[in-house]
Amino acid sequence: MSALHLNRSGPIAEIRLDNPDKLNALTAGMLEALESHCTAIERDPDLRVVVVTAEGERAFCAGADIEAWSKLSPAEFARHWVRDGHRVFDRLARLSKPTVAAISGHAFGGGLELAAACDIRVMVPGATLGLPEANVGIVPGWSGTQRLRRLLPEPVIKEMALFGRRITAERALALGFVADVSENAREAAHEIALGAAKLSPRAAEVAKNMIHAGAGEDSAALIEALGSAAISASEDRGEGVAAFREKRKPSFTGR
């Protein structure tokens, strides 16, 4: 079984990392489970908001499990490990439903990239953020230099990736990267999620799409999705489908 689980509680879906003995380090199996859970969440209309959390207090996620990738060839590392992880994190980032990360411990490398793929974040006071990949001779590969750049100032990312420094919860709050600092990040994240679950799910989805399109997050697909949603509500769309089925020329009214 994968050490990453999906739990449902009313309108809230909780994705939980469950590998505390290895600081919730991500394996290929966990990435596959995350992608599968995202698909299940997207297709369930009863789920309105997502909380990403982790077992244990030491680490939210220490990044990618070095045992999972260190023996891969350069080609396998680039083609599969990096690209697969990037695809899965993109899947999480582009969920139509609001997502909250409960950073209950340190978030390093892939763990920080996982938190960055969520819409907002809550963090415990003693936790820190970092991009320590250079310590083992690699670079961030799951959007640490891309998506994270849209969420944090360039010098801050360089501070972590080039100088090995960590960012405290208090500084992350001041930078706007986290929405709140709480002694119980999971509880605080669920409180935020309950508030989001009371909002119009359709309005929240469209607002998220608009914000992402403006920020350059999969903007091409989002622009087409928004346009397609608008046109699908038109009378012309109904007339076009009816005419196709009835094998006749459509009579469009522009409504």
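Each residue takes its place number in the sequence, starting with 1. No hydrogens, no waters, no symmetry mates; every other heavy atom, side chains included, goes into these values.
- Taking CZ from Arg43 and OG from Ser96, the interatomic distance works out to 12.0 Å, rounded to the nearest 0.5 Å.
- Interatomic distance, CG of Asp180 versus CZ of Arg121, reported as 13.0 Å (0.5 Å rounding).
- No donor-acceptor pair closer than 3.5 Å links the side chain of Asn24 to the backbone N or O of Ala62.
- For the pair His212/Asp119, a side-chain contact is recorded, criterion being any heavy-atom separation below 4.5 Å from C-beta on.
- In this structure the side chain of Thr53 never reaches within 4.5 angstrom of the side chain of His190, judged on heavy atoms.
- With Phe108 as the partner, the side-chain contact (heavy atoms from CB on, under 4.5 Å) test is satisfied by one option alone out of Leu131, Leu129, Thr128, Asn135: Thr128.
- A salt bridge is defined here as a Lys NZ or Arg NE, NH1 or NH2 lying under 4.0 Å from an Asp or Glu carboxylate O, and Glu55 with Arg186 fails to meet this definition.
- Residues Leu199 and Ile211 do not share a hydrophobic cluster, clusters being chains of Ile/Leu/Val/Met/Phe/Trp/Tyr side chains in contact below 4.5 Å.
- Residue Arg248 places its CZ atom among more than 12 non-hydrogen atoms of other residues, nucleotides or ligands, all under 6.0 Å distant.
- When side chains are defined from C-beta on, Lys208 counts as touching Leu95, because their heavy atoms get closer than 4.5 Å.
- In terms of modelled atom types and a separation under 3.5 Å, the side chain of Lys22 and the main chain of Asp65 share no donor-acceptor contact.
- Residues Val88 and Trp142 form no side-chain contact, since every pair of their non-hydrogen atoms from C-beta on lies 4.5 Å or further apart.
- In the hydrophobic clustering of ILVMFWY residues, with side-chain heavy atoms under 4.5 Å counting as a link, Leu26 and Ile66 come out together.
- A pairwise comparison of heavy atoms in Phe60 and Ala102 identifies CD1-O, 3.3 Å as the closest pair.
- Pro125 and Ala169 make their closest contact through O-CB, 3.7 Å (heavy atoms, listed as atom of the first residue, atom of the second, distance).
- With a 4.5 Å cut-off on side-chain heavy atoms, Glu57 and Val124 do not count as touching.
- A salt bridge links Arg202 to Glu205: one of the charged nitrogens lies within less than 4.0 Å of a carboxylate oxygen.
- Of the possible donor and acceptor atoms, one in the side chain of Ser73 sits under 3.5 Å from a partner among the backbone N and O of Glu76.
- With contacts defined as side-chain heavy-atom distances shorter than 4.5 Å, the pair Met123/Leu173 does not qualify.
- With Ser143 contributing its side chain and Gln146 its backbone, the two residues share no donor-acceptor pair below 3.5 Å.
- Closest approach of Phe177 to Leu148, counting heavy atoms only: CE1-CD1, 3.7 Å.
- The distance from the CG atom of Leu4 to the NE2 atom of His37 is 5.0 Å, given to the nearest 0.5 Å.
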Evaluate Glu239 against Ser251 for side chain to side chain donor-acceptor pair (under 3.5 Å), listing each step before the verdict. CA-CA 7 Å; Glu239 168 62 13; Ser251 178; 5.2 Å; no
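- Remark: Glu246 CD is packed, more than 12 non-hydrogen atoms of other residues, nucleotides or ligands lying under 6.0 Å away.
- Note on Ile138: it does not cluster hydrophobically with Leu162, by side-chain heavy-atom contacts below 4.5 Å among ILVMFWY residues.
- Legend: salt bridge (charged side-chain N to carboxylate O under 4.0 Å, His left out) pairs involving residues 128-153, not counting sequence neighbours, sorted by first then second residue: Asp90-Arg147, Arg147-Glu217, Arg149-Glu154, Arg150-Glu217.
- With a 4.5 Å cut-off on side-chain heavy atoms, Leu34 and Leu114 count as touching.
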Intermediate values then yes/no, side chain to side chain contact (heavy atoms under 4.5 Å, CB included), Thr145 and Val139: CA-CA 9 Å; Thr145 63; Val139 295; over 6 Å; no
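- With rounding to the nearest 0.5 angstrom, the NZ atom of Lys97 is 6.0 Å from the CD atom of Glu42.
- Taken together through direct or relayed side-chain contacts under 4.5 Å among Ile, Leu, Val, Met, Phe, Trp and Tyr, Leu47 and Val100 form parts of separate hydrophobic clusters.
- Residue Arg165 places its CZ atom among 12 or fewer non-hydrogen atoms of other residues, nucleotides or ligands, all under 6.0 Å distant.
- Across all non-hydrogen atoms, the minimal contact from Thr99 to Ala117 is OG1-O, 4.3 Å.
- Pairing each heavy atom of Phe89 with each of Leu31, the nearest pair is CE1-CD2, 3.9 Å.
- Taking the side chain as every heavy atom from C-beta outward, Val156 and Arg171 approach each other to under 4.5 Å.
- Contact check on Arg8 versus Asp46 returns no salt bridge, with no Lys/Arg side-chain nitrogen under 4.0 Å from an Asp/Glu carboxylate oxygen.
- Salt bridge status for Arg91 with Glu35: absent, with no side-chain N to carboxylate O gap under 4.0 Å.
- Around atom CZ of Arg87, more than 12 heavy atoms belonging to other residues, nucleotides or ligands sit under 6.0 Å away.
- When every heavy atom of Leu23 is checked against every heavy atom of Arg58, the shortest pair comes out as CD2-CZ, 3.6 Å.
- Linking Ile, Leu, Val, Met, Phe, Trp and Tyr residues whenever their side-chain heavy atoms come within less than 4.5 Å leaves Ile120 and Val49 in two separate clusters.
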